[in-house]
Amino acid sequence: MKHFFLLFFEISISTSPTILILLILSPFLNRRYASKWTYSIWIALAFRLLIPLNPDWPLRQIIIKVPEKITSPMIAGTKTAIPATLQAEQKFAGVTWLDFTAVLWLAAGLCFLLVHFLSFLHYQTQILKKGTHVENCLILRRLHKLRKDLRIRKKIDLITYSGAAIPMIIGFFRPVLVLPDYEYSQEELFFILKHELVHWKRHDLYFKLLFVIANAIHWFNPCIYIMRKEAGIDMELSCDEKVIQGTAYAVRKAYTEALLSSLCRQYKKPNSLTTQFYGGKQIMKKRFQNILQKSRKKNGLLILVCAVSITVFLGMITGCSIRKPDPSEPQNNHAFPASQTDHKEAPGEEPADNANGQTVPTQAPASEQPGSDSADNPEETLSEDGQEIKRIAEKFAAAYFSGDTDTIQSCLTSPCEWGIEVYEGIDAAGAGTISEPALKGLTDIGKEETGSTQVISLEFRDSNYEDMFLYLTIELIKQEDGWNIQFYGLEG
């Protein structure tokens, strides 16, 4: 569940800029392009919000091999290693803040959906229970003719209901066209029936359901609420455009009068899962202006493609910012042993001494390890300075994670003006295991001058914090005797 929460959170963040851009450009778009294109963009964004996939660029990385078994890290200011068994006992086994947030996200989303569906079912039940089937032959013949003209094969029942404030279609599987218990002229009835049938023909009920589900999943994002509201407005504008398509100005004017007569009777808040709509005076003014506009609007296919492309691009950037762990990648899942006596040297390992005189196994450089990224991308692909920085980073990483302060000191600039720090984990106990660090930032290094600086980073995971990556930032400077580290620090 935590994985899905983080994934949908990334999708929500990457989609929000596109929504804000469309809101800013909406006055311009509405004047020049048909509303069906902006409505199509909202639908595409809603589908994007529901798809739990975030495209990711494959980034070239160099994996630094560190010892699979190393002595427990030291607490700063002491010279005694904390036994791993004691650390494991001190580790808190409760839920993390991320677990709590994921549960809250899921619970609130389900409540959001439950409220909307219960409201819809209650309203539908009231209509079917208290409504009256229309038996007027003239009205039924007109409905049948409009269905035939629009090529709608699905049978649609016609009901009058005194509790309805405005005509609407309700029901996903057995659609019912609901009319308020008013007397309509033949012209008003024609436009009302055609408007609602166009809604059904374009599957607007299902798209409204799509927006509600997207809103439920991303209930924490205010941009999605705005998107859902704007999508409802553009749905009505595009439906109006379809109804008056190819008609004369006099017919369009009559259509606005029919809408005005019908909407003036509304006094109840519309249900989210029906075609009932009312947006206030400003929105109705916008609808009437759109209906009566004489100039022909342009094709907005290019705008739709650009909006989708921007959203995908932003999703790729967001996906690159947090690298997903690959289950096929080998990771070190061994616990830190309490003493070195449990360790058996593996082929390619040589013993080394840390600051306490304890033996720490160090593996061969990453470029010599089978299956590593460095084997696929040998050092020859790096510049001479890049190769030297890589060797220093490998040496420094092994010392940093094993607590070998003497080796760390040899990698630093001289004199060293700060206290040497080793990896202790995030919490005071420092218990856990780490994955193989991935070295980033080498491929852009060329031939550098003396005095130049370069910043690289080591990306790894700590078993205490499985849902986040840690980054060890290393700043190096090229001195006369070669590259040395002048700063390093851990970031979460």
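Atom set for the values below is all heavy atoms of this structure, side chains included, hydrogens, waters and symmetry mates excluded. Quick caveat, the model's predicted, so the values are computed rather than measured.
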[X] vs [Y] aromatic rings, parallel, tilted or perpendicular, using cut-offs 30° and 60°?
{"X": "Phe47", "Y": "Phe207", "result": "perpendicular"}
{"X": "His218", "Y": "Phe8", "result": "perpendicular"}
{"X": "Tyr184", "Y": "Tyr182", "result": "perpendicular"}
{"X": "Tyr423", "Y": "Tyr400", "result": "tilted"}
{"X": "Trp200", "Y": "Tyr206", "result": "tilted"}
{"X": "Phe9", "Y": "Phe5", "result": "tilted"}

Give me the atom names and distance for the closest heavy-atom approach of [X] to [Y].
{"X": "Ser35", "Y": "Thr38", "value": "O-OG1, 2.9 Å"}
{"X": "Ala164", "Y": "Tyr123", "value": "CA-OH, 4.1 Å"}
{"X": "Lys194", "Y": "Leu146", "value": "N-CD1, 3.8 Å"}
{"X": "Ala307", "Y": "Thr311", "value": "O-OG1, 2.8 Å"}
{"X": "Pro175", "Y": "Phe173", "value": "CD-O, 3.4 Å"}
{"X": "Arg252", "Y": "Ile244", "value": "CD-CD1, 3.3 Å"}

Distance (rounded to the nearest 0.5 Å) between [X] [atom1] and [Y] [atom2]:
{"X": "Ile19", "Y": "Tyr225", "atom1": "CD1", "atom2": "OH", "result": "12.5 Å"}
{"X": "Glu241", "Y": "Asn290", "atom1": "CD", "atom2": "CG", "result": "4.5 Å"}
{"X": "Lys286", "Y": "Ile233", "atom1": "NZ", "atom2": "CD1", "result": "5.5 Å"}
{"X": "Ile166", "Y": "Ile192", "atom1": "CD1", "atom2": "CD1", "result": "8.5 Å"}
{"X": "Leu197", "Y": "Cys239", "atom1": "CG", "atom2": "SG", "result": "9.5 Å"}
{"X": "Gln126", "Y": "Lys129", "atom1": "CD", "atom2": "NZ", "result": "6.5 Å"}

Side chain proximity check, [X] to [Y], heavy atoms < 4.5 angstrom:
{"X": "Asp181", "Y": "Thr132", "value": "no"}
{"X": "Leu470", "Y": "Glu459", "value": "no"}
{"X": "Trp37", "Y": "Asn299", "value": "yes"}
{"X": "Val455", "Y": "Leu476", "value": "no"}
{"X": "Ile217", "Y": "Leu49", "value": "no"}
{"X": "Leu106", "Y": "Phe4", "value": "no"}
{"X": "Ile159", "Y": "Leu179", "value": "no"}
{"X": "Ser383", "Y": "Gln387", "value": "no"}

Could you verify whether a donor N or O on one side chain and an acceptor N or O on the other, from [X] and [Y], lie under 3.5 Å apart?
{"X": "Lys229", "Y": "Asn215", "answer": "no"}
{"X": "Ser457", "Y": "Thr473", "answer": "no"}
{"X": "Asn221", "Y": "Ser16", "answer": "yes"}

Does the [X] side chain pair with the main chain of [Y], one donor and one acceptor, at a distance under 3.5 Å?
{"X": "Gln486", "Y": "Ile477", "answer": "no"}
{"X": "Ser238", "Y": "Asp234", "answer": "yes"}
{"X": "Lys36", "Y": "Leu237", "answer": "no"}
{"X": "Lys130", "Y": "Tyr161", "answer": "no"}
{"X": "Tyr488", "Y": "Glu421", "answer": "yes"}
{"X": "Arg202", "Y": "Met235", "answer": "yes"}
{"X": "Ser452", "Y": "Glu449", "answer": "yes"}

* If you count the non-hydrogen atoms of other residues, nucleotides and ligands that lie under 6.0 Å from CZ in Phe220, is the total more than 12? -> yes
* Asked: Are the aromatic rings of Tyr471 and Phe460 close, with centres under 6.0 Å apart?
  -> no
* Would you please indicate if the ring centroids of Phe172 and Phe120 are separated by under 6.0 Å? => yes
* To do: Tell me, with the steps shown, if Lys201 and Arg151 meet side-chain contact (heavy atoms from CB on, under 4.5 Å).
  => CA-CA 8 Å; Lys201 174 71 174 179; Arg151 298 180 181 179; 4.0 Å; yes
* Checking side-chain contact (heavy atoms from CB on, under 4.5 Å) for the pair Ile389/Leu382: CA distance, chi angles, key distance, verdict? -> CA-CA 10 Å; Ile389 290 176; Leu382 300 175; over 6 Å; no
* Evaluate the criterion salt bridge (Lys or Arg N to Asp or Glu O under 4.0 Å) for residue pair Glu236 and Arg287; output intermediate values, then yes/no. => CA-CA 8 Å; Glu236 291 299 324; Arg287 287 182 67 180; 3.5 Å; yes
* Inspect the contact between Asp385 and Lys478 and indicate whether a charged nitrogen and a carboxylate oxygen are less than 4.0 angstrom apart. => yes
* So does Lys253 pair up with Glu257, basic N to acidic O under 4.0 Å? -> no
* Structure fact -> So ring pair (Phe, Tyr, Trp, His ring centres under 6.0 Å) across residues 236-260, not counting sequence neighbours, yields Phe191-Tyr255
* Kindly determine whether Asp149 and Lys145 satisfy salt bridge (Lys or Arg N to Asp or Glu O under 4.0 Å), including the steps that lead there. => CA-CA 6 Å; Asp149 292 342; Lys145 185 178 184 306; 3.2 Å; yes
* Hey, mind stepping through Asp99 and Thr101 against side-chain contact (heavy atoms from CB on, under 4.5 Å) and telling me if it holds? -> CA-CA 5 Å; Asp99 295 315; Thr101 305; over 6 Å; no
* Apply side-chain contact (heavy atoms from CB on, under 4.5 Å) to Tyr39 and Asp204, showing your working. => CA-CA 10 Å; Tyr39 182 43; Asp204 286 337; 2.8 Å; yes
